[in-house]
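Following: one structure in structure tokens, then a few remarks.
Because the structure is predicted, anything quoted here is derived from the model rather than measured.
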Amino acid sequence: MSDLSPSGSGVPTRHSPELLAQVGALPALPGVYRYFDAAGGVLYVGKARNLKKRVSSYFQKNHADTRIGHMVGKIARLETTVVRSEAEALILEDNLIKTLKPRYNILFRDDKSYPYLKIAAHAFPRMAYYRGAIDRKHQYFGPYPSAWAVKETIQLLQKVFRLRTCEDTVFAHRTRPCLLYQIKRCSGPCAGLITPDAYAADVADATAFLNGSAPRMLAELERRMMAHSDQLEFEHAADLRNRIAALSKVLHQQSVVVASDQDVDILAVAVRGGRACVNLAMVRGGRHLGDRPYFPAHVDAAVALAHDADDQATADAPAILTVEPPSIERQVLEAFLAQHYLDTPPPGVLVLGALVGRELIAALSAQAGRRVTAVFQPREQRRLWLEMAQKNADLQLARLLAEEGSQQARTRALAEALDLAQASGADLDALRMECFDISHTAGEATQASCVVFAHHAMQPREYRRYNIEGITPGDDYAAMRQALLRRYGKVAEALGLQAAASNGADGADAQNAAAPPATARLPDLVLIDGGKGQVAVARAVFEALGLPLERIVGVEKGQGRKVGLEELVFADGREKIYLGKDSAALMLVAQIRDEAHRFAITGMRARRARTRTGGSQLEDIPGIGPKRRARLLQRFGGIRGVTSASVEDIASVEGIARDLAGEIYRALH
């Protein structure tokens, strides 16, 4: 190990000579650097206009007990990538942040892809809600901030333009119009009640509206109405009059519409209490469609790291739109812009509540292939939009902080009520609870659920379901025993508590035979949805595995099975206790128990439906897992609908490529 930093400053370090030599040999070029700890975990991803200058700064200064000092002390390995420009460095940096999820970067969680309104290519184009990959042969409008915004727009277009929404398979086999035609929500192309040219004109009007050309389109509708009237075609003229009236009413009711703006994103940021919120509001086609809040992780770590390195960061930073040091708001907003618009094409105008770097906007423009304009001091309608977005960001952040404070209070109350070791120290944040429940329908499709509570919140990514097999149908005790053995058998074995803990785990499928956590850590509390009988089963399992009994707590229904009267039953012989229906501890127990119940029921119903509808035929096809199977069954209404669908229809489902669609079609025929 070397005793000196690369600069020879005499600052003690704990880094290997190989690492320091690598730092000293870095080129003075733009690029991206990654720091790794001894276990191979990613600590930090950063970009630099000058790699040598930027990376060396971490090792040349004595950072003492600062956040950056703790991080630098953990660096065991360094990787760098040289690029041609700052814009390339920025894009690569944020791609790596989203992929590697380093613990010292501001990180926005990947959300579902945004929904679009799709007008499919067809002789009689269909409009539909769509989420997934873009196919250039179709028209897409959006993205929209929520599914509700898309569906509300579809309903509007049905009322005014009467475009069809039925699937192509339904459209191809109808000879009479459906109810939508009767209530004037469709023009009936399936039954030949409208000519292709007239339908194409309606599609053109709808796309003009979606593109923000409502005034021009209204004028065109009025011209067509007068032309029909002059030719004494009063029925057609009346139909156009009704469309104009409906559209005018919608535009009048839309409280935030401007004719000059088509697609705009408005972003406001709020930071308080170590947490941040970015509120994204969307304007599409001149219509304000609502907003969506985002809450990044690692804000405190990333901000502290930036403050500890602010001298070097300021010297190395590229030209920015302000001479002030980067604010917390700016760091959060820049992280959101870079990570969010890597996957979602930005609109032509961004109205921003904080200043950001010029190079970021330039990189977004290059990524989109067109100019993106950032507005920092908006006027008139845009100013009102930004004020509204800022107010919503403040409200959403206040709500998050209140919820987190309440949840932390509940966690502490439960730890104190059960006299857990974590009740008196900072370990409260690491308190981990797992809860089990059994669900079946008269013994059919029995499933056990395990949900996880940690860091004061439910952890859905750690949930597990267990398909229970080889037991007497309806035997909940045997089902609980099998689930607990499969959950904790490998953990006990890894801890050296039980050499052979596999009884009851035979026949587990790939979904259920999940490996235990890498740390082989037992939860601090194991909640069982049940009373003395279920707790006795859990006690027997833990005794066989050599696990501590004091971790098992049963949630027993109270008198009359009324909510709020539950009692806690212990496996180690303690007397059962009643916390009180207004107890914060009981509220947390009920929250976890209800989540386990919900997760078990949804899994059981899905398994039962798969058995009854023949959906398992799909899962037998290579490349079709539970998610793709569910999307196919939902789109076509069951296995029969999938069987009758064409390759093109199957390929239109999110996540199904054309090659895979062909394999599905061949497998079902």
Side-chain angles (χ1 to χ4, degrees), residues 6 15 18-37 40-60 68 71-72 75-108 110 296 298 302 305-306 309-322 325-326 330-346 350 355-374:
H15 301 102
E18 292 79 7
L19 175 62
L20 300 180
Q22 183 182 1
V23 173
L26 289 174
L29 296 172
V32 174
Y33 55 94
R34 282 94 68 196
Y35 294 145
F36 298 83
D37 59 21
V42 185
L43 296 171
Y44 188 73
V45 174
K47 65 179 181 301
R49 183 168 53 176
N50 184 320
L51 276 174
K52 183 179 184 65
K53 184 178 179 182
R54 182 71 176 115
V55 175
S56 296
S57 69
Y58 287 95
F59 300 89
Q60 290 174 342
I68 192 173
M71 186 201 73
V72 172
I75 298 175
R77 185 165 60 88
L78 163 70
E79 290 183 1
T80 61
T81 302
V82 174
V83 296
R84 294 174 296 179
S85 66
E86 295 175 67
E88 286 187 1
L90 186 145
I91 293 173
L92 176 58
E93 176 198 32
D94 287 288
N95 269 316
L96 291 173
I97 288 173
K98 294 189 71 173
T99 303
L100 301 176
K101 297 179 173 57
R103 59 177 300 187
Y104 286 94
N105 287 91
I106 296 175
L107 179 64
F108 284 87
D110 278 337
H298 308 165
L305 185 64
D310 59 354
D311 292 338
Q312 178 59 35
T314 302
D316 187 52
I320 57 175
L321 301 178
T322 176
R330 175 186 166 181
Q331 295 176 55
V332 171
L333 188 55
E334 285 188 335
F336 177 82
L337 289 171
Q339 295 176 38
H340 178 75
Y341 290 116
L342 282 175
D343 301 323
T344 303
L350 299 174
L355 296 175
V356 300
R358 296 182 190 276
E359 79 287 348
L360 174 57
I361 302 302
L364 293 179
S365 298
Q367 182 92 340
R370 54 185 170 79
R371 182 181 179 185
V372 176
T373 303

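Atoms CG and CD, on Leu90 and Gln367 in that order, are 9.5 Å from each other to the nearest 0.5 Å. How far CZ of Phe108 is from CD1 of Ile97: 10.5 Å, rounded to the nearest 0.5 Å. For the atom pair OG1 (Thr81) and CD (Glu93), the distance works out to 12.0 Å, reported to the nearest 0.5 Å. Atoms CD1 and CG, from Ile75 and Asp37 in turn, are 10.0 Å apart once rounded to the nearest 0.5 Å. One finds the CZ atom of Arg54 at 9.0 Å from the NZ atom of Lys47 (value rounded to the nearest 0.5 Å). In this structure, Leu337 CG and Ile361 CD1 are separated by 6.0 Å, a value rounded to the nearest 0.5 Å.
Each of Val372, Leu350, Ile91, Asp94 was evaluated against Tyr341; a single residue qualifies, Leu350, per the side chain to side chain contact (heavy atoms under 4.5 Å, CB included) test.
Shortest non-hydrogen contact noted between Gly31 and Ala89 is O-CB, 3.9 Å. Thr80 approaches Leu51 most closely through the heavy-atom pair CB-CD1, 4.3 Å. For the pair Pro27 and Val82, the tightest heavy-atom approach, listed with the atom from each and the gap, is CG-CG2, 3.9 Å. Heavy atoms only, all atoms of each residue included: Ile106 and Ala335 are closest at CG2-CB, 3.9 Å.
Counting only heavy atoms from C-beta outward, the side chains of Tyr44 and Val72 never approach each other to under 4.5 Å. Side-chain contact between Val42 and Tyr35: absent, with no pair of heavy atoms (C-beta onward) separated by less than 4.5 Å. At a threshold of 4.5 Å between non-hydrogen side-chain atoms, the residues Glu79 and Phe36 count as touching. Residues Val332 and Pro296 form a side-chain contact, since some pair of their non-hydrogen atoms from C-beta on lies under 4.5 Å apart.
Dense packing is recorded around CZ of Arg370, with more than 12 heavy atoms of other residues, nucleotides or ligands lying under 6.0 Å away.
Ser56 places no side-chain N or O within donor-acceptor distance of the main-chain N or O of Lys53, the cut-off being under 3.5 Å. Of the possible donor and acceptor atoms, one in the side chain of Lys52 sits under 3.5 Å from a partner among the backbone N and O of Gly24.
Residues passing the side chain to side chain donor-acceptor pair (under 3.5 Å) test with Arg371, sequence neighbours excluded: none. Among residues two or more places apart in sequence or in another chain, the side chain to side chain donor-acceptor pair (under 3.5 Å) test is passed with Tyr33 by Tyr58.
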Check your understanding: Run the side-chain contact (heavy atoms from CB on, under 4.5 Å) check on Leu78 and Arg34 step by step: do they pass?
Key -> CA-CA 6 Å; Leu78 163 70; Arg34 282 94 68 196; over 6 Å; no
